[in-house]
Protein chains: 2
Amino acid sequence: MSDNSAKSNHPITIYDVAKAAGVSYSTVSRVLNGFEFVKDSTRNRVMDAAERLGYVANLQARGLAGGRSNIIGLLVPVLDNSYVSEVMKGIDEALARAGFNLMLFTTHRHEGKEQQYASTIASMTDGLILLVPLESPIYLDAIRERNYPHVLVDQTDESGASASVSATNWQGAYEVTQHLIMLGHRRIGVITGLLELSSARERLNGYRAALQDHDIPVDDSLIIQGDYLQARGYAAAQALLRLERRPTAIFASNDLSALGAMDAIREAGLSIPDDISLVGFDDIPQAAITHPKLTTVRQPLVQMGRTAVQLLLERLEHPDSPPGHITLTTELVIRASSKPPR
Amino acid sequence: MSDNSAKSNHPITIYDVAKAAGVSYSTVSRVLNGFEFVKDSTRNRVMDAAERLGYVANLQARGLAGGRSNIIGLLVPVLDNSYVSEVMKGIDEALARAGFNLMLFTTHRHEGKEQQYASTIASMTDGLILLVPLESPIYLDAIRERNYPHVLVDQTDESGASASVSATNWQGAYEVTQHLIMLGHRRIGVITGLLELSSARERLNGYRAALQDHDIPVDDSLIIQGDYLQARGYAAAQALLRLERRPTAIFASNDLSALGAMDAIREAGLSIPDDISLVGFDDIPQAAITHPKLTTVRQPLVQMGRTAVQLLLERLEHPDSPPGHITLTTELVIRASSKPPR
DNA sequence: CAGCGTTTTGCAAGCGCTTGCAAAGCGTGC
DNA sequence: GCACGCTTTGCAAGCGCTTGCAAAACGCTG
């Protein structure tokens with residue numbers, strides 16, 4: 001890097017580079033954008049000048065003029081959530097590789113103004129990844145209306161208008177339930193997710209199917225509504241523990257709920273897994289640091305993020321091809337929180 | 001919201017609003033920017049039209065023309081880290097309230113290209129919050145050169161050219177060490193952070209000072225270098241446990257290290273806190289879900305994020321006033337992982 | 001060496017907005 | 001009823017860039 005770089009408040013523009021290279025500014029633009037009809041010698045001269053001056057494109061101007069901003073938006077509900085962080089990690093990684101920047105939007109911002117918010121987002125970004133299971137309908141309406149490139153994460157899309165990436169929720173729940181059954185459990189409680197979410201419904205159905213396939217009747221009193229959050233997991237586990245015929249195992253529909261359940265079980269003076277087995281879903285990093293370590297179903301969160309980016313970039317390249325849907329497979333991770341009942 | 005909103009791909013511009021309101025586009029601009037010399041009746045007419053059409057400003061254009069983008073950048077090293085998430089939460093919250101958008105940049109992106117990266121960031125944002133203890137010098141050079149508004153989080157700034165927000169690291173470490181001493185511990189191991197970071201040095205010094213104030217000689221073999229990461233915490237704890245005269249308590253310089261240490265201690269067949277007390281620093285959410293729950297020093301992470309935003313906005317308003325420095329106080333949080341030695 | 005088809009370059013317009021400047025409106029005092 | 005000063009509005013330029021179009025340069029061929 002040379003010393004000529006923009007130290008003062010007047011940054012180097014494409015004109016400066018053009019002057020330095022002895023060509024017109026449009027030629028500079030073409031070189032910088034990899035346009036092909038440029039003589040090699042000219043290209044080199046421009047590249048040199050740009051390098052020497054420490055030129056860096058003003059992305060706002062580029063966005064305005066070219067209609068593309070090279071920014072991808074990410075809409076999330078909360079930030080202090082491992083699930084979200086992990087997916088974000090994959091997204092960031094993939095975007096960096098593709099040369100895109102990331103703009104972060106949180107849903108708690110403008111209640112009642114989702115439409116405007118969506119417009120604002122659209123005015124700044126080339127595409128949007130939605131990691132917002134719950135509020136998503138409101139945003140989706142606004143976004144689909146203007147046919148804006150987007151991808152849903154962890155959400156099945158009924159309309160087919162949105163690309164999406166998700167995991168094998170049903171199968172994961174089936175497997176982890178089966179795991180408990182194989183250990184000898186017959187009374188298995190379940191703490192569901194928010195049933196408005198397809199992932200929660202799929203997991204619950206997987207649980208049911210596993211019981212049925214092993215000729216265990218589904219007992220509705222063992223099904224407690226949760227919301228994927230720790231506090232509800234705690235309360236739901238308490239409810240399960242108060243049952244006359246207490247379950248010998250609990251399947252929490254996500255790890256966060258499982259963490260809550262773990263607290264409740266411990267407070268009740270019971271031991272995991274001796275008195276009661278506990279399994280979760282997601283395999284967030286915390287699942288491996290609890291004591292005992294949590295048996296769970298791994299969702300490839302980072303890879304889901306990467307895949308979402310890939311799908312989105314495909315949409316940007318081929319706006320007219322039908323949106324892609326990718327389902328990644330989950331994996332049962334057996335740790336220390338599950339064992340045969342007494 | 002009306003049905004006239006931009007459904008097609010041609011979004012509503014300021015001209016459309018001007019036409020609808022029967023005024024010139026510059027008047028619209030003035031109204032939208034809260035300019036004062038506008039007749040009330042005109043203002044209302046414009047507001048109505050904007051509302052009716054569902055107008056939303058194109059922030060790229062606004063940024064280009066006005067020199068302000070209403071975007072604040074956040075530079076972080078990694079995303080899957082509770083510490084980072086918590087601070088981000090505070091930042092997002094405060095920015096939302098102030099009407100700014102958030103653009104996320106990760107440092108792992110362009111090694112060797114930090115200068116350009118910094119320029120790019122500067123071309124898109126109005127200011128930058130740096131949460132990048134380690135790599136920060138490289139970025140800081142580039143940023144200070146162009147006198148770009150920025151705030152450092154958790155980093156003392158020697159030059160005084162940068163605004164900064166941090167916590168009472170020395171005092172927190174002093175207090176938690178004293179807590180262990182009061183419980184009766186005399187051999188207290190410490191797992192440091194990366195000593196290139198001021199926070200790590202301050203915490204180590206606080207530990208030392210507490211020992212000295214209680215006439216306990218500092219034993220260098222009890223000081224193990226760590227790096228604030230879980231893996232090193234694990235290894236460092238193993239090293240401490242192998243010592244001839246094993247410590248009866250360990251102070252990990254951050255919670256992540258403490259989590260690693262916890263694993264090592266448990267693997268060695270020892271119990272926390274019966275055989276050995278363990279304390280951390282930060283009070284990340286995980287600290288409350290470990291078993292036993294971790295005694296630690298709470299840093300007001302969310303508030304640090306909020307404060308960073310506040311300092312940055314001040315800088316934007318008054319570029320010439322000296323950059324602010326705010327130090328938030330930490331708080332000892334006594335949980336179950338510390339008790340008197342046997 | 002003229003004529004032609006390519007390749008390469010430059011010019012101008014325009015992306016949607018802000019803002020300095022000047023013109024137009026308006027009310028007041030004389 | 002006019003001049004004056006203030007408030008309010010409109011026009012034009014310009015932010016830094018992309019891109020369509022036309023001009024220039026080049027390399028052939030006959």
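Worth knowing before you read on, the calculation uses all heavy atoms, side chains too, and leaves out hydrogens, waters and symmetry mates. For clarity, every value in this text was computed on a predicted model and none was experimentally measured. Reminder, nothing fancy here: chain letters follow the sequence lines and each chain counts from 1.
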Separation of D:dC15 atom C1' from B:Leu59 atom CG, nearest Å, is 15 Å

Find the distance A:Leu32:CG to D:dT18:C1' and express it as a whole number of Å. 12 Å

Nucleotide D:dC15, atom P - distance to CE of B:Met124 in whole Å: 19 Å

Between A:Arg62 and D:dT18, is there a side-chain N or O to OP1/OP2 distance below 4.0 Å? yes

Least distance between heavy atoms, A:Asn101 atom then A:Leu95 atom: O-CD1, 4.2 Å

Interatomic distance, CE@B:Met88 vs CE@A:Met88, rounded to 0.5 Å, equals 4.0 Å

Relative to the ring of B:Tyr25, is the ring of B:Tyr15 parallel (under 30°), tilted (30 to 60°) or perpendicular (over 60°)? tilted

Separation of D:dG16 P from A:Asn33 CG (nearest whole Å): 17 Å

List the protein contact pattern of nucleotides 6-14 of chain C with one symbol per nucleotide (5' to 3'): B for base contact, S for sugar-phosphate-only contact, - for none; contact means a heavy-atom distance under 4.0 Å. --SBBBB-B

With a 4.5 Å cut-off on side-chain heavy atoms, are B:Asp92 and A:Leu104 touching? no

Ignoring backbone atoms, establish whether B:Ser29 has a side-chain N or O less than 4.0 Å from OP1 or OP2 of C:dT18. yes

Rounded distance in Å - CG (A:Asn58) to P (D:dG16): 7 Å

Starting at the 5' end of DNA chain C, which residue's closest nucleotide do you reach first, A:Leu64 or B:Gly67? A:Leu64

C:dG16 P sits how many Å from B:Asn70 CG, rounded? 19 Å

Write down the distance between CD1 (A:Ile14) and P (D:dC15), rounded to a whole number of angstrom. 14 Å

Would the distance check show the side chain of B:Ser69 and the main-chain N or O of B:Met124 forming a donor-acceptor pair, the cut-off being under 3.5 Å? yes

Scan A:Leu313, A:Val309, A:Ile71 and name whichever one has a side-chain contact (heavy atoms from CB on, under 4.5 Å) with A:Phe100. A:Leu313

